[in-house]
Amino acid sequence: MRKPTPCFSRSRFAESVNTNPVIIRRIIGQLKKAGLVDVRAGAGGASLRKKLNEITLLDVYKAVEVVESGQLFNFHDHPNPECPIGAHIESVLRTKMLEAQSAMEQKLAGVTLAQLTTELNEKRRS
């Protein structure tokens, strides 16, 4: 049986990153929906549902819905067809933007929370 992860309150998270607890509550809700955290009612708090080495930055990135409709880069829906740039810019940029998104997601998939924790602890000791 694995050791349970400690619970932290939204206010403690918010204080740590210097933001409003409402923002933390929204993000924790998204992480819960994605199955990455458990949330404790009453006094509150959240704990990880998986081991640190089982959660990647890509998991977190996808959980907090940074990408709308699966695409990081969006284009204007109705460019002017009479404009030589507006009429063609999407077809010129779309492939490059999708390649950039794919490269970023591959990089995020290769970084676990365990790796980040190790790096953070090394920084704290130095």
Side-chain angles (χ1 to χ4, degrees):
M1 185 169 175
R2 74 180 174 96
K3 180 180 167 186
T5 57
C7 282
F8 295 101
S9 70
R10 288 186 299 262
S11 59
R12 184 170 174 196
F13 279 126
E15 182 180 305
S16 174
V17 294
N18 199 27
T19 193
N20 190 306
V22 172
I23 294 169
I24 299 301
R25 181 175 58 227
R26 181 178 49 85
I27 292 171
I28 289 175
Q30 291 169 316
L31 294 171
K32 179 183 178 195
K33 183 178 177 183
L36 298 177
V37 300
D38 281 323
V39 178
R40 192 172 53 185
S47 59
L48 295 176
R49 292 191 69 190
K50 298 179 179 182
K51 295 178 183 176
L52 290 172
N53 64 352
E54 296 174 344
I55 301 173
T56 68
L57 285 182
L58 182 61
D59 296 326
V60 175
Y61 172 79
K62 286 182 174 182
V64 297
E65 300 174 357
V66 174
V67 178
E68 183 179 314
S69 305
Q71 295 182 3
L72 179 59
F73 303 101
N74 293 309
F75 294 91
H76 181 31
D77 290 337
H78 305 289
N80 182 347
E82 302 300 319
C83 175
I85 295 172
H88 303 286
I89 193 69
E90 181 178 352
S91 64
V92 171
L93 286 176
R94 178 160 301 282
T95 300
K96 300 298 181 203
M97 297 297 106
L98 290 175
E99 288 171 359
Q101 179 177 341
S102 177
M104 180 194 69
E105 289 178 356
Q106 287 177 11
K107 185 70 173 176
L108 293 175
V111 179
T112 67
L113 294 188
Q115 292 169 310
L116 293 178
T117 300
T118 298
E119 194 173 321
L120 177 63
N121 287 333
E122 289 170 359
K123 294 264 186 203
R124 288 176 53 202
R125 284 192 287 267
S126 60

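Atoms considered below: every heavy atom in the structure, side chains included; atoms not considered: hydrogens, waters and symmetry mates. Predicted model only: the values in this text are computed from it and were never measured. Numbering starts at 1 and runs along the sequence shown.
Both L116 and V17 are part of a single hydrophobic cluster, where members link through side-chain heavy atoms under 4.5 Å apart. Under the 4.5 Å side-chain heavy-atom criterion for grouping Ile, Leu, Val, Met, Phe, Trp and Tyr, L120 is not connected to I55 through any hydrophobic cluster.
The shortest heavy-atom contact between P81 and A87 is O-CB, 3.6 Å.
Here L108 pairs with L57, L58, Y61, M104 under the side chain to side chain contact (heavy atoms under 4.5 Å, CB included) rule; sequence neighbours left out. Applying the side chain to side chain contact (heavy atoms under 4.5 Å, CB included) rule to K107 yields no partners; only residues at least two apart in sequence or on another chain are considered. By the side chain to side chain contact (heavy atoms under 4.5 Å, CB included) test, E82 pairs with N80, sequence neighbours left out.
The line from NE2 of H88 to CG of L93 is 13.0 Å long, rounded to the nearest 0.5 Å. Between atom CG of residue L36 and atom OG of residue S47 there is a gap of 11.5 Å, rounded to the nearest 0.5 Å. Summarising the geometry, atom CG belonging to L113 is positioned 14.0 Å from atom NZ belonging to K51; distances are rounded to the nearest 0.5 Å.
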T112/L52 under side chain to side chain contact (heavy atoms under 4.5 Å, CB included): CA gap, chis, key distance, verdict:
CA-CA 7 Å; T112 67; L52 290 172; over 6 Å; no

Under the side chain to side chain contact (heavy atoms under 4.5 Å, CB included) criterion, do I24 and I28 qualify, and how do the steps go?
CA-CA 6 Å; I24 299 301; I28 289 175; 3.5 Å; yes

Run the side chain to side chain contact (heavy atoms under 4.5 Å, CB included) test on R94 and M97 for me, step by step, so that the C-alpha distance in whole Å, both residues' side-chain angles and the decisive distance to 0.1 Å come before the verdict.
CA-CA 5 Å; R94 178 160 301 282; M97 297 297 106; 5.9 Å; no

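Residue Q115 qualifies as enclosed at atom CD: its count of foreign heavy atoms under 6.0 Å is above 12.
Counting only distance, with no hydrogens or angles, the side chain of T118 and the backbone of A114 share a donor-acceptor pair below 3.5 Å.
Counting only N and O atoms by type, the side chains of T56 and D59 include a donor and acceptor under 3.5 Å apart.
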